[in-house]
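Computed from a predicted structure; not experimentally measured.
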Amino acid sequence: MTEKAYEDIPGTFVFDADRSREGYWLNQFCISLGKEKNRQAFRDDPEAHMSKFKMTEAQKQAVRDRDWNGLLELGGNIYYTSKLGAFDGIVFQDLAAMMSGMSRDDYRKMMVDGGRPIEGNRYKSEWEKK
Amino acid sequence: MAKITAGIACSHVPAIGVAMDQHITEQPYWQPVFKGFDYSRDWNKKNKPDVVFLVYNDHCTAFDASCIPTFALGCAAEFQPADEGWGPRPVPVVKNHQELASHIAQSLILDEFDMTIMNEMDVDHGLTVPLSVMFGDKTPEDDWGTLVIPLAVNVVQYPAPTANRCYALGQSIKKAIESWPEDINVHVYGTGGMSHQLQSERAGLINATWDQQFMDILVNDPEKARKIDHLEFLRETGSEGIEMVMWLVMRGALEEKVTEVHRHYHVPASNTAVGHLILENHA
Ligand SMILES: [Fe+2]
């Protein structure tokens, strides 16, 4: 793997070709939940439905734990993992709140007040100082 | 001859479509978002296009991880609004100008843009939300009131095509459209953005200053806008702000000098900064 300039952006997983390769089956599992027939299969027997996709044990565990940031770290992409969120009845904004470690209300208020500011959120070094 | 008379930039936040479909656009949260579209709908009626060339991105709806085309041109006769997990949006089927789409495909490839050609494709909120913004409320029984040629751009897996490449593609699209013999009025849409990040701990990022500057240079100094690199989009506008490369396709398809007749900017719609421009070509 070569050095990636975007790796110094804090709190961000850039979904590049390496992550896409690593997360392929995890993402295909997640997108399967866009169809009701697959949602039913996952409801009926989560392990059996997951076993249809060649996910790693760590990826399966992150699904079981609903470890939203862990899923991204293991190659998941938000447009895919949000289908697992939707399966659980979690709307996009609440998923964003969970991933950023905020309460639903605090996150919503932050957005209404203009969003997370760019100041202090450009570089990992700025987060380490906190 | 076919003429491109205007370019439209517009965010395609799914929640905007949901707000329209649920008729809650008058609620205090949504009112300031939709207020900025009143002018646009009025303008759109007065400047009615025959064809909209609509640049958008698919959100893992028509393309899952198994196939990721960088530029996919819709050449089918029509496109159904997709079921994105909660049933299709209750909006009209999208009808293509198929002969013009075929002509554009051929012209772009001979101009060395190696397009993917889609002869079957469902279209998601990325395409239908901007149409709803410009054409207002419609039911599945209605007609959109325009033909639509979709161009799907990969912005999900890094790297998206560069701003520069998108701008050059826009220039080639202009050549293709303007060499079509029919006397028709064409609008080009660039959709997505503006600043937003939907994932991980930095979710919710908004950079209003950057967004406004981007609109300024896109309109008045596109040669500068086409040089913005991916790292700047990712760092300054959030991981999903990269969608703004699609605005460059639209800008490339217009004349060098354009008139900005409308601008609307509002934070937030859900997790996103809503940005919208109407640019008219000089006659
Ligand atoms: Fe999008």
Using a heavy-atom cutoff of under 4.5 Å, enumerate the residues of [range] that contact chain A, numbered in order, or state 'none'.
| range | answer |
| --- | --- |
| residues 11-26 of chain B | none |
| residues 262-275 of chain B | Val267(B), Pro268(B), Ser270(B), Asn271(B), Thr272(B) |
| residues 209-232 of chain B | Leu231(B) |

Using the ring pair (Phe, Tyr, Trp, His ring centres under 6.0 Å) rule, pick out the option among Tyr24(A), Tyr80(A), Phe42(A) that qualifies with Phe29(A).
-> Phe42(A)
Count the heavy atoms of every other residue, nucleotide or ligand shown that sit under 6.0 Å from [atom1] of [X], and state whether that count exceeds 12.
| X | atom1 | value |
| --- | --- | --- |
| Glu120(B) | CD | no |
| Glu112(B) | CD | no |
| Lys52(A) | NZ | yes |

Among Gly34(A), Ser20(A), Ser82(A), who wins on heavy-atom pairs under 4.5 Å with chain B?
-> Ser20(A)
Does some side-chain heavy atom of [Y] sit less than 4.5 Å from a side-chain heavy atom of [X]?
| X | Y | result |
| --- | --- | --- |
| Lys54(A) | Gln28(A) | no |
| Thr12(A) | Tyr6(A) | no |
| Asn154(B) | Phe63(B) | no |
| Val91(B) | Ser132(B) | yes |

Is there a donor-acceptor contact under 3.5 Å from the side chain of [X] to the main chain of [Y]?
| X | Y | value |
| --- | --- | --- |
| Gln197(B) | Ser239(B) | yes |
| Gln59(A) | Leu74(A) | yes |
| Asn27(A) | Ala65(B) | no |

Which residues in residues 86-117 of chain A have a heavy atom less than 4.5 Å from any heavy atom of chain B?
-> Phe92(A), Gln93(A), Ala96(A), Met99(A), Ser100(A), Tyr107(A), Arg108(A), Met110(A), Met111(A), Val112(A), Gly114(A), Gly115(A), Arg116(A), Pro117(A)
Flag the one option from Asp83(B), Ile242(B), Leu198(B), Leu234(B) with the top tally of heavy-atom pairs under 4.5 Å to chain A.
-> Leu198(B)
Decide whether His125(B) and Glu84(B) meet the rule of one side-chain donor and one side-chain acceptor closer than 3.5 Å.
->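 Their side chains do contain a donor-acceptor pair, which is all the 3.5 Å distance test asks for.
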Under 3.5 Å, is there a donor-acceptor pair between the Asn69(A) and Glu73(A) side chains?
-> no
For [X], is it the side chain, the backbone, both, or neither that has a heavy atom closer than 4.5 Å to a heavy atom of chain B?
| X | result |
| --- | --- |
| Asn121(A) | both |
| Arg19(A) | neither |
| Ile118(A) | both |

When the ring centroid of Phe15(A) is compared with that of Tyr79(A), is the distance short of 6.0 Å?
-> no
Residue part contacting chain A, namely of Glu240(B), when any heavy atom lies under 4.5 Å | side chain
